[in-house]
A.B. asks: 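Here you go, one structure.
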Amino acid sequence: MMRGTVQMDAVASPRKMPMLEMPQDEQAFAIVDLIYEAAFADELWPEVLGAASAISRSASGAIFVFSDQSPVRAITEAHVQPLLDEFMAGDSWKFSESVQRMCSTQPASFVRVDDFMTGEEIERDPVRKSATAFGAGSHVCTSVPMPGGEFVLFVFQRWLKDGIYDQAAIDRLDELRPHLARAGVIAGRLGLERAKTAVSTLREIGLPAAVMSGSGRVLTANPLLEDMAHVFLPTAHGGIALANEPANALFQQAIAQNRDNRIVRSIPVPGTKGRPALVVHLLPLRRAAHDIFSGADILVSATEVSLCATVPSPHIFSGLFDLTPAEGRLAVALAAGRSVHEAAIEIGIAVKSARTYLERIFRKTGTSRQSQLVALLKSARAFS
């Protein structure tokens, strides 16, 4: 196994430069498109991880899928594959404080792993010892729970010489997190393997799902979604709608916006008459995924929420509605019953800034009044 950082930097730097040279808005579009393509083409995940590493000044990134029913599955970037091989070869990771801490904490945003450990725990941790010998230092991690009890960990690390992660780098990864979460759920359910055909993919996902054209026409749906007539209603010209009117307004808006602005949306649907609440996700089908689904443009999937299951969406409002960290903190305060003035004081921002954030939240959630927003956020509490 190669050790140290000199050889590794020589490999990593040229690979990451093209992404760093792109304008920031182009970076964002390129990475998000790649994320949703990788959901169905596992060989693209190293490229996704490399792009996310580039914008966060990380040495590398990795994805781990943990399940009680199967061994840990993982994907990383090529230049740190020896480190991943060492991690996967034995069972020393099972005794790692850092791994166990992140598995139990399951952070809903990217966090510095060392913030959850003592100095003594870091020193004796077998995974951290291997990483240090390899030249890797500070780690950040986030977790995405899935309906069957599995969960996906996204982990990024820096070279020792680059120091710890600053908040700006963590914020950049958090901007990608909602997209990583949605795509990670699909990839996790497919076993991090390339999907072969539209029909087999919808069956293997194990979630109610359908694929649609850009105009909103359903091209094919699996039996799980077809059995949810209480949630999905047929409409004219082969389309579908959500039975819940507020949720359907967001659903139809997301379909329309997807055509023009590549909007991605997760929509909470409140439970009714003993039926559990849902999260309905709309994912764009890009490039390889577009080909797999024979030209379809959107994948729609639904996840039930119950007391014994978690959902494949972020636990916080910022993840569910693609809010910035600051907007997410304001949304949490408003959902707890605070006024805008009280929420601003609580999260430490100016009232004027809070009102600006609130307008952005209105646009992202499809609401227009604070009472509507609070009602929507309260219905989504089961997802946080």
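Numbers here are sequence positions counted from 1.
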A.B. asks: Among residues at least two apart in sequence or on other chains, which ones pass side-chain hydrogen bond (donor to acceptor under 3.5 Å, both in side chains) with D125?
C.D. replies: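 By the side-chain hydrogen bond (donor to acceptor under 3.5 Å, both in side chains) rule, D125 matches S96, S98.
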A.B. asks: Does anything in residues 224-247 pair up under side chain to side chain donor-acceptor pair (under 3.5 Å), and if so which pairs, sequence neighbours excluded?
C.D. replies: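 Side chain to side chain donor-acceptor pair (under 3.5 Å) check on residues 224-247 returns no pairs.
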A.B. asks: With sequence neighbours excluded, tell me which residues meet side-chain hydrogen bond (donor to acceptor under 3.5 Å, both in side chains) with D114.
C.D. replies: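 Residues passing side-chain hydrogen bond (donor to acceptor under 3.5 Å, both in side chains) with D114: R128.
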A.B. asks: Please list, chain by chain and in numerical order, all residues satisfying side-chain contact (heavy atoms from CB on, under 4.5 Å) with T142, sequence neighbours excluded.
C.D. replies: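 F110, F154, R177.
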A.B. asks: Should L225 and L233 be regarded as members of a common hydrophobic cluster, given that ILVMFWY residues are connected when their side-chain heavy atoms come within less than 4.5 Å of each other, either directly or indirectly?
C.D. replies: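 Shared cluster, no.
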A.B. asks: What's the verdict on side-chain contact (heavy atoms from CB on, under 4.5 Å) for V300 and F251, showing C-alpha distance, side-chain angles and the deciding distance?
C.D. replies: CA-CA 10 Å; V300 176; F251 183 70; 4.1 Å; yes
A.B. asks: Look at the side-chain heavy atoms of Ile, Leu, Val, Met, Phe, Trp and Tyr, link any pair under 4.5 Å apart, and say whether I298 and M228 land in one connected group.
C.D. replies: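 Yes, it is one cluster - the side chains of I298 and M228 are joined through contacts under 4.5 Å.
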A.B. asks: Can you tell me how far CD1 of I347 sits from CD of E327, rounded to the nearest 0.5 angstrom?
C.D. replies: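 With rounding to 0.5 Å, CD (E327) is 10.0 Å from CD1 (I347).
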A.B. asks: Which distance, rounded to the nearest 0.5 Å, do you find between the CG of L278 and the CG of L242?
C.D. replies: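 Nearest 0.5 Å value for the CG-CG distance: 9.0 Å.
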A.B. asks: Which residue pairs pass the ring-ring contact (aromatic ring centres under 6.0 Å, His included) test with at least one member in residues 41-64, sequence neighbours excluded?
C.D. replies: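 Those involving residues 41-64 are F64-F87.
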A.B. asks: Does any part of the side chain of I186, heavy atoms only, come nearer than 4.5 Å to the side chain of I205, both counted from C-beta?
C.D. replies: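 Result yes, sub-4.5 Å side-chain heavy-atom pair found.
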A.B. asks: For M102, does its backbone N or O pair with a side-chain atom of T105 as donor and acceptor, under 3.5 Å?
C.D. replies: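 A pair under 3.5 Å: no.
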A.B. asks: Given S60 and Q157, is the side chain to side chain donor-acceptor pair (under 3.5 Å) satisfied, shown in steps?
C.D. replies: CA-CA 6 Å; S60 65; Q157 56 188 351; 2.9 Å; yes
A.B. asks: For Y165, what residues pass the ring pair (Phe, Tyr, Trp, His ring centres under 6.0 Å) criterion, not counting sequence neighbours?
C.D. replies: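 Listed in chain order: nothing, the list is empty.
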A.B. asks: Distance check, rounded to the nearest 0.5 Å: S138 atom OG versus R57 atom CZ?
C.D. replies: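 Atom-to-atom, S138:OG and R57:CZ are 11.0 Å apart.
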A.B. asks: Can you check whether S56's main-chain N or O pairs, donor with acceptor, with R158's side chain at less than 3.5 Å?
C.D. replies: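 Side chain of R158 to backbone of S56, a donor-acceptor pair under 3.5 Å: yes, one is there.
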A.B. asks: Are V155 and V72 joined in one hydrophobic group, where the rule is that I, L, V, M, F, W and Y side chains link up if heavy atoms are under 4.5 Å apart?
C.D. replies: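 Yes; V72 is reachable from V155 via cluster members.
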A.B. asks: Answer whether the closest heavy-atom distance between the side chains of T201 and L190 falls below 4.5 Å.
C.D. replies: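 A side-chain contact under 4.5 Å exists here.
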A.B. asks: What residues, two or more places apart in sequence or in another chain, satisfy side-chain contact (heavy atoms from CB on, under 4.5 Å) together with V351?
C.D. replies: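 Partners of V351 by the side-chain contact (heavy atoms from CB on, under 4.5 Å) criterion, ordered by chain and then number, come out as H341, A344, R355.
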A.B. asks: When rounded to the nearest 0.5 angstrom, what distance separates CG in L173 from CG in L180?
C.D. replies: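 One finds 8.0 Å between CG of L173 and CG of L180.
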A.B. asks: With sequence neighbours excluded, tell me which residues meet side-chain contact (heavy atoms from CB on, under 4.5 Å) with E123.
C.D. replies: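 For E123 there are no side-chain contact (heavy atoms from CB on, under 4.5 Å) partners, ignoring immediate neighbours.
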A.B. asks: Taking C-beta and beyond as the side chain, do L285 and D297 meet within less than 4.5 Å on heavy atoms?
C.D. replies: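 A side-chain contact is absent here, since even the closest heavy-atom pair is not under 4.5 Å.
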A.B. asks: Once you round to the nearest 0.5 Å, how far does CD of E342 lie from CG of L334?
C.D. replies: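 So the CD of E342 and the CG of L334 are separated by 10.0 Å.
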A.B. asks: Just to verify, what does E47 make a side-chain hydrogen bond (donor to acceptor under 3.5 Å, both in side chains) with, not counting sequence neighbours?
C.D. replies: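 side-chain hydrogen bond (donor to acceptor under 3.5 Å, both in side chains) check on E47 returns nothing, list empty.
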A.B. asks: Answer with yes or no whether the hydrophobic clustering places L224 together with V218; edges join I, L, V, M, F, W, Y residues whose side-chain heavy atoms lie under 4.5 Å apart.
C.D. replies: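 The answer is no; the residues belong to distinct hydrophobic clusters.
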A.B. asks: Check side-chain hydrogen bond (donor to acceptor under 3.5 Å, both in side chains) between S213 and all other residues, then give those that pass, not counting sequence neighbours.
C.D. replies: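 Only S215 meet the side-chain hydrogen bond (donor to acceptor under 3.5 Å, both in side chains) criterion with S213.
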A.B. asks: Indicate yes or no for a side-chain donor-acceptor contact from R189 to the backbone of E204 under 3.5 Å, with no hydrogens or angles considered.
C.D. replies: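 Flag not set: sc R189 to bb E204 has no pair under 3.5 Å.
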A.B. asks: Can you sort out the partners of F151 under ring pair (Phe, Tyr, Trp, His ring centres under 6.0 Å), two or more places apart, ordered by chain and number?
C.D. replies: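 With sequence neighbours excluded, F151 shows a ring pair (Phe, Tyr, Trp, His ring centres under 6.0 Å) to F66, given in chain and number order.
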A.B. asks: Can I63 and V48 be said to form a side-chain contact (heavy atoms from CB on, under 4.5 Å), step by step?
C.D. replies: CA-CA 11 Å; I63 307 170; V48 170; over 6 Å; no
A.B. asks: Would you check if the side chain of H79 reaches a backbone N or O of A59 as a donor-acceptor pair within less than 3.5 Å?
C.D. replies: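 Side chain of H79 to backbone of A59, a donor-acceptor pair under 3.5 Å: yes, one is there.
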A.B. asks: Let me check something: do I349 and L358 share a hydrophobic cluster, defined by ILVMFWY side-chain heavy atoms less than 4.5 Å apart, either directly or through other members?
C.D. replies: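 The answer is yes; both residues are in one hydrophobic cluster.
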A.B. asks: side-chain contact (heavy atoms from CB on, under 4.5 Å) with T132: which residues, sequence neighbours excluded?
C.D. replies: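 If we apply the side-chain contact (heavy atoms from CB on, under 4.5 Å) test to T132, skipping adjacent residues, the hits are L160.
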A.B. asks: Stepwise, does the side-chain contact (heavy atoms from CB on, under 4.5 Å) test hold for R101 with V113?
C.D. replies: CA-CA 8 Å; R101 197 65 49 80; V113 176; over 6 Å; no
A.B. asks: Which value, rounded to the nearest 0.5 Å, describes the distance between Q252 atom CD and I240 atom CD1?
C.D. replies: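 Taking CD in Q252 and CD1 in I240, the distance rounds to 8.0 Å.
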A.B. asks: Is the shortest side-chain heavy-atom distance between E37 and D33 below 4.5 Å?
C.D. replies: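 Not in contact.
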A.B. asks: Are the side chains of V32 and R286 in touch, meaning some heavy atoms are under 4.5 Å apart?
C.D. replies: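 Contact flag for V32/R286 side chains = no.
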